[in-house]
Amino acid sequence: MCGMASAESTQASVHEREPVRPTKEDEVAAAGSELIGGPLGRRALLGSSWWTPVRVIALVAIGMFALGLVQKAPCYNGAWFFGASSQYTHACYSDIPHLYQGRGFADGLVPYFDRLPGDMQYLEYPVLTGVFMEVASWLTPGSGTIQDQEQWYWMVNAGMLMVCAAVIVVCVTRTHARRPWDGLLVALAPAAALTATINWDLLAVALTAAAMLMWSRGRSLAFGVLLGLATAAKLYPFLLLGPLMVLCWRAGRWREFGTALGGAIVAWVVVNGPVMLFAFEGWSKFYTFSQERGVDFGSFWLIMAQNSDDPLSTDTVNTLATLLMLVCCAAVAALALIAPRRPRFAQLAFLIVAAFILTNKVYSPQYVLWLVPLAALARPKWRDFLIWQACEVAYFLGIWLYLAYTTSGDAHKGLPTDGYHWAIGLHLLGTLYLCVMVVRDIFMPDRDPVRRSGDDDPSGGVLDGAEDVFVLGPAARPRRHVADAQFDGPPVEWGNPGPTGGSL
């Protein structure tokens, strides 16, 4: 058989092959399609009308986002303002209305520059998120009662976050050119709809999704700039640079990685530099708060602390969590270099962010938004995705019922501590389950839904179809082909080091 096609020919061939139909290869998708008339027929005319996959998925995402807003209605109509526990019993809590006054936006204070009254002296969010919050406050009418203003502030933010949600699904839909319908995983994710307006995470998620799209198109500078902006909105996106570096190492694509890294650094500095220079104490609050913050909701560290007579100090937890994360980073790097075929970028991106979530000392329910687009690209299988989402929905309900229990006094309405620990366990197990499935796909590429369809790494950009130049262990052996009588797609190739390949 001829050698593996180049990245350019691989990307060109993508447009020549017909799109993958999930109802043909995914039994859960096929069963679910019965609600709208069943799977697409063999003679269906795809892309011949206004209803293209991108537009359909974007409208579905907006519809799900709207359902999430409806779910917050009991809080909007009073629970945010009257009775501490009612916003928890209705599972409709949001930081947004509370921080309008609590972080000085109602009083016209400038984030990072003006000191806040109370315990939190400065805004504890990264700079780009602070800009987002400030712009929303400019669009909020200053008349009426403080309740009216907070309701307006939440609605303005909801409108801006809905734009972010639409950007996310459009980017995910376009990242894998032959698999546009995988974007429905993001659009229909129930945990995403429930958590979309709890906080401002969708801004960073949208910028990260746009960065992934740019990388898939071979635009490394645009990828870097967008990822730098995403990191200026939330810390987690910078983690993607680690897996990308190792993949570029294996493929010998150092120039593209250098361009991406340079773009990310410049973009981050452009956003943070002025605030860092003129309001360093306010700028640094996000980082000092993150370090000083104790063990909090959603982590296995909390389970340990609440079941110990002598819980670990915050400094000890910080050290242990950092060491655990470093071990996970080393494991992901080793996986990238020893896998039989170079892993897809989206697979390693998902694993590294999931590792951060699993080892961190806090897991707020909206953090699930970080993983949803990456999960759809890494493991586009409806069964596994829905299993994970069910665990996250259970955790979403669990944390609010636990807070209802702790704030309802002697009535103890809600979920006691032991029950909340089970909810945390479900979240951890669901995330670990999806990680295991992704790792299995990496070691057994014939089971990867994307590669079974005949693609290599459609989100990999210059990595898509590229030769390996540095491989470790058994992966350095001459390539071989999958021989599986049940596999009727194109053969999957792996273990193809280039002429300068290395091995240990």
Is there a side chain to side chain contact (heavy atoms under 4.5 Å, CB included) between L235 and F286 once you walk through the steps?
-> CA-CA 10 Å; L235 190 60; F286 165 70; 4.1 Å; yes
For Y236 and Y367, run ring pair (Phe, Tyr, Trp, His ring centres under 6.0 Å): C-alpha distance rounded to whole Å, both residues' side-chain angles, the deciding distance at 0.1 Å, then the answer.
-> CA-CA 10 Å; Y236 87 90; Y367 289 2; 8.7 Å; no
Going through the checks in order, is the side chain to side chain contact (heavy atoms under 4.5 Å, CB included) test met by F385 and R379?
-> CA-CA 8 Å; F385 188 87; R379 177 68 179 168; over 6 Å; no
Please walk me through it: do L247 and F257 pass side chain to side chain contact (heavy atoms under 4.5 Å, CB included)?
-> CA-CA 9 Å; L247 292 173; F257 175 75; over 6 Å; no
Would I352 and M325 count as a side chain to side chain contact (heavy atoms under 4.5 Å, CB included) if you check the C-alpha gap in whole Å, the side-chain angles of each, and the deciding distance to 0.1 Å?
-> CA-CA 9 Å; I352 201 68; M325 185 59 193; 4.0 Å; yes
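For the pair V332/V246, no side-chain contact is recorded, criterion being any heavy-atom separation below 4.5 Å from C-beta on. Looking at R293 and E124, their side chains never come closer than 4.5 Å, going by heavy atoms from C-beta outward. Side-chain contact between V353 and L371 is present, with heavy atoms from C-beta onward closer than 4.5 Å. With contacts defined as side-chain heavy-atom distances shorter than 4.5 Å, the pair S216/D464 does not qualify. Using a 4.5 Å heavy-atom threshold, the side chains of W215 and L240 count as separate. Taking the side chain as every heavy atom from C-beta outward, V368 and Q389 approach each other to under 4.5 Å. At a threshold of 4.5 Å between non-hydrogen side-chain atoms, the residues L351 and C435 count as touching. Counting heavy atoms from C-beta on, the side chains of F345 and M212 come closer than 4.5 Å.
Remark: side-chain polar atoms of W301 are paired, donor with acceptor, to backbone N or O of T359 under 3.5 angstrom. Proximity of a side-chain donor or acceptor of K361 to a complementary backbone N or O of T314 within less than 3.5 Å is not detected. In terms of modelled atom types and a separation under 3.5 Å, the side chain of T231 and the main chain of F238 share a donor-acceptor contact. One N or O on the side chain of N318 and one on the backbone of Q291 form a donor-acceptor pair closer than 3.5 Å. Looking only at distances, a side-chain donor or acceptor of Q71 sits under 3.5 Å from a matching main-chain atom of A91. Looking at R174, its side chain never comes within 3.5 Å of a backbone N or O of L213 through a donor-acceptor pair.
The number of heavy atoms from other shown groups lying within 6.0 Å of CH2 (W422) does not exceed 12. Atom CZ of R255 sits in a sparse spot, with 12 or fewer heavy atoms from other residues, nucleotides or ligands closer than 6.0 Å.
No hydrogens or angles considered: a donor-acceptor pair under 3.5 Å links the side chains of N199 and Y125. Side-chain contact check for S453 and R178: no donor-acceptor pair (N or O, by modelled atom type) lies under 3.5 Å.
A salt bridge links D456 to R341: at least one charged side-chain nitrogen sits closer than 4.0 Å to a carboxylate oxygen. Salt bridge R342/D457: absent, no basic N to carboxylate O contact under 4.0 Å. Taking a cutoff of 4.0 Å between a charged side-chain nitrogen and a carboxylate oxygen, D446 and R452 do not qualify as a salt bridge. Note on D384 versus K381: no salt bridge recorded, every NZ/NE/NH1/NH2 to OD/OE distance being 4.0 Å or above. Using a 4.0 Å cut-off between a side-chain N of Lys or Arg and a carboxylate O of Asp or Glu, D448 and R344 qualify as a salt bridge.
A distance of 5.5 Å separates OG1 of T175 from CG of L377, quoted to the nearest 0.5 Å. The NE2 atom of H427 sits 10.5 Å away from atom CZ of F300, with the distance rounded to the nearest 0.5 Å. Atom-to-atom distance recorded for L261:CG and F223:CZ is 10.0 Å, nearest 0.5 angstrom. Distance check: E256 CD to C248 SG gives 7.0 Å after rounding to the nearest 0.5 Å. Distance check: M304 CE to S299 OG gives 9.5 Å after rounding to the nearest 0.5 Å. Note that the CG atom of D201 and the OG1 atom of T195 stand 8.0 Å from one another [nearest 0.5 Å].
Nearest heavy-atom pair, C171 versus A209, reported as atom, atom and distance to 0.1 Å: CB-O, 3.6 Å. Considering all non-hydrogen atoms of both residues, L434 and A375 come closest at CD2-CB, 3.8 Å. Considering every non-hydrogen atom in both A196 and L161, the closest pair reads O-CD1, 3.8 Å. What you find for K234 and A204 is that their closest heavy atoms are CB-CB, 3.4 Å. Smallest separation of non-hydrogen atoms from V169 and V186: CG1-CG1, 3.7 Å. Taking each heavy atom of G183 and T173 in turn, the nearest pair found is CA-OG1, 3.7 Å.
Relative orientation of the W283 and W268 rings is perpendicular, given thresholds of 30° and 60° on the angle between their planes.
For the side-chain contact (heavy atoms from CB on, under 4.5 Å) test with L207, the passing option among V225, L202, L128, I168 is L128; the others fail.
For the side chain to side chain contact (heavy atoms under 4.5 Å, CB included) test, residues two or more places apart in sequence or in another chain that qualify with Y402 are F297, Q306, T406, T417, Y420.
Every pair tested for salt bridge (Lys or Arg N to Asp or Glu O under 4.0 Å) that includes a residue from residues 202-211 fails, sequence neighbours excluded, so the list is empty.
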